[in-house]
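Report on the structure given below.
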Amino acid sequence: MSTKEKKLLSEMQALDSVVIAFSGGVDSALVAKAASKALPKTKVLLVTADSQSLGSGELEKCEELSQQMNLEWISVQTNEFENSQYISNQSDRCWWCKSALMDQLEPIAAKRDANIVLGVNQDDLGDHRPGQEAAKSRGARFPLVEAGLTKQDVRELAKEWKLSVWDRPSMPCLSSRIPYETKITVQLLSRVDRAENILRSIGVSDVRVRDYQDTARIEVRQEDLPTVLNRSAEVNKQISDLGYRYITVDLGGLR
């Protein structure tokens, strides 16, 4: 095993019992797999937040992935949409979202005498991620960081461990598509979700539709731009039907 792989398994073993915030992405999946290798499966619980900011189909994918790894999984309802500080969508929005998740995870972890674990890697530390700070301030652990794994390390190890999501695109919550200071509503998030699913239906897997009220700004990888442009009339019609007046494609690509 590589040094980082050994370090990750060592970090997981030291935690003894874990409740893992499980999004179904490659980071949380690798943490879950490491836990299953380092700990008895009775000491591992995967928990997914069933939130209105979660894209359609994501909850089902989390359950399916947990079954592939033969690990216990549950979903919990989070209440960030009852918090006016989250709804107002300031630059600290993620703090309130992660705080709502921790509110649900803490009693579960206390009952199991377990540590709360998040799939945060080394590369995440350089970004503006107030949610990470909220979780850390309440005692959550980041074993990928503690083992020194970057995003590339995570994908390489996930591939080596034959995780089906090793190359899955990142799936940030739908609220990240709404510019700061624009009030978040369920209707807005639903519109974004449907717009992104339209693009996935034409074969574009890694996509963001940024919502600017009457304008939808589409971000895809540079290599997927021809796919979108070649079907522009179809895409324009279907996304316009969601209530957007202008449909734009960002030539800078996904970021």
Side-chain angles (χ1 to χ4, degrees), residues 1-41 43-49 54-55 57-75 98 101 105 114-127 129 131-132 135-136 140-173 176 196 200 203-208 220-221 223-224 254-255:
M1 292 189 293
S2 69
T3 301
K4 289 183 178 179
E5 182 179 358
K6 289 179 182 177
K7 178 68 172 170
L8 175 59
L9 294 177
S10 175
E11 292 290 345
M12 295 305 306
Q13 191 172 27
L15 293 174
D16 186 56
S17 179
V18 293
V19 170
I20 299 172
F22 190 66
S23 69
V26 63
D27 292 322
S28 63
L30 187 69
V31 169
K33 187 66 173 180
S36 74
K37 287 175 173 286
L39 300 170
K41 291 190 177 181
K43 295 282 193 176
V44 182
L45 176 65
L46 312 183
V47 183
T48 302
L54 190 67
E58 291 301 302
L59 196 66
E60 293 78 10
K61 289 176 183 175
C62 288
E63 183 175 16
E64 180 183 351
L65 185 55
S66 70
Q67 291 171 351
Q68 291 174 14
M69 292 188 284
N70 194 27
L71 291 172
E72 184 181 359
W73 172 87
I74 62 171
S75 64
K98 202 65 73 180
L101 175 61
L105 296 182
N115 290 283
I116 296 172
V117 171
L118 272 65
V120 177
N121 66 66
Q122 282 278 4
D123 291 339
D124 295 329
L125 301 181
D127 294 337
R129 294 178 183 255
Q132 287 176 193
K136 185 177 179 180
R141 300 291 295 273
F142 305 156
L144 298 178
V145 171
E146 292 160 14
L149 271 70
T150 64
K151 189 69 172 187
Q152 182 177 347
D153 294 329
V154 167
R155 291 201 183 277
E156 288 177 356
L157 186 53
K159 184 178 182 181
E160 183 180 333
W161 284 356
K162 296 181 170 54
L163 288 175
S164 60
V165 294
W166 73 270
D167 61 346
R168 190 181 186 211
S170 298
M171 296 288 291
C173 80
S176 67
E196 292 187 354
R200 292 190 186 99
V204 179
S205 61
D206 205 356
V207 60
R208 309 282 186 273
V220 297
R221 294 176 301 180
E223 57 266 35
D224 288 328
L254 183 70
R255 54 193 180 277

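Quick note: numbers below take in every heavy atom, side chains included, and nothing from hydrogens, waters or symmetry partners. Model, not experiment: these values are computed from the prediction.
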With a 3.5 Å distance limit and no angle check, can you tell me whether Thr48 reaches the backbone of Phe22 through a side-chain donor-acceptor pair? yes
Residue pair Asp27 / Gly119: nearest heavy atoms and the distance that separates them: CB-O, 3.2 Å
List the atom of Ala34, the atom of Leu9, and the distance in Å for their closest heavy-atom pair. O-CD2, 3.7 Å
Minimum heavy-atom distance between Trp161 and Glu5, given as atom pair plus value: NE1-OE2, 3.1 Å
One should read off an interatomic distance between Ile74 CD1 and Leu45 CG, to the nearest 0.5 angstrom, of 5.0 Å
Mark yes or no for whether Lys41, through its side chain, and Glu72, through its backbone, hold a donor-acceptor pair below 3.5 Å. no
Gap between atom OG of Ser2 and atom CD of Glu156 - 0.5 Å precision: 9.0 Å
Heavy-atom pair of closest approach, residues Arg208 and Pro172: NH2-CD, 3.4 Å
Closest approach of Ser28 to Ile20 (non-hydrogen atoms, all atoms of both residues): O-CG2, 4.4 Å
Side-chain heavy atoms of Gln132 within contact of Leu118, under 4.5 Å: no
Does some side-chain heavy atom of Leu8 sit less than 4.5 Å from a side-chain heavy atom of Leu157? yes
How long is the straight-line distance from NZ of Lys98 back to NZ of Lys136, given to the nearest 0.5 Å? 14.5 Å
Interatomic distance, Lys33 atom NZ to Leu71 atom CG [nearest 0.5 angstrom]: 8.0 Å
Would you confirm whether Asp123, through its side chain, and Lys151, through its main-chain N or O, come within 3.5 Å as a donor-acceptor pair? yes
Provide the closest heavy-atom pair for Leu105 versus Ala21 in the form atom of the first, atom of the second, distance. CD1-CB, 4.1 Å
Within a strict 4.5 Å, meaning less than it, do heavy atoms of the Val26 and Leu163 side chains meet? no
Within a reach of under 6.0 Å around NZ of Lys4, are more than 12 heavy atoms found that belong to other residues, nucleotides or ligands? yes
Determine whether a donor-acceptor pair (N or O, by modelled atom type, separation under 3.5 Å) exists between the side chain of Asn115 and the backbone of Leu15. yes
Does Arg155 use its side chain to pair, donor to acceptor, with the backbone of Arg168 at less than 3.5 Å? yes
Ser205 side chain reached by Arg221 side chain, heavy atoms, under 4.5 Å: yes
Are side-chain heavy atoms of Asp16 and Lys43 found at a separation under 4.5 Å? yes
Answer yes or no: is there a side-chain heavy-atom contact under 4.5 Å between Leu149 and Leu30? yes
Partner of Val145 under side-chain contact (heavy atoms from CB on, under 4.5 Å), picked from Val120, Thr150, Asp124, is Val120
Measuring only between side-chain heavy atoms, which start at C-beta, is Glu146 closer than 4.5 Å to Ser10? no
Do any side-chain atoms of residues 59-69 form donor-acceptor pairs under 3.5 angstrom with protein atoms, and if so which ones, sequence neighbours left out?
| unit_1 | atom_1 | unit_2 | atom_2 | d |
| --- | --- | --- | --- | --- |
| Ser66 | OG | Glu63 | O | 2.6 |
| Gln68 | OE1 | Ser164 | OG | 3.0 |

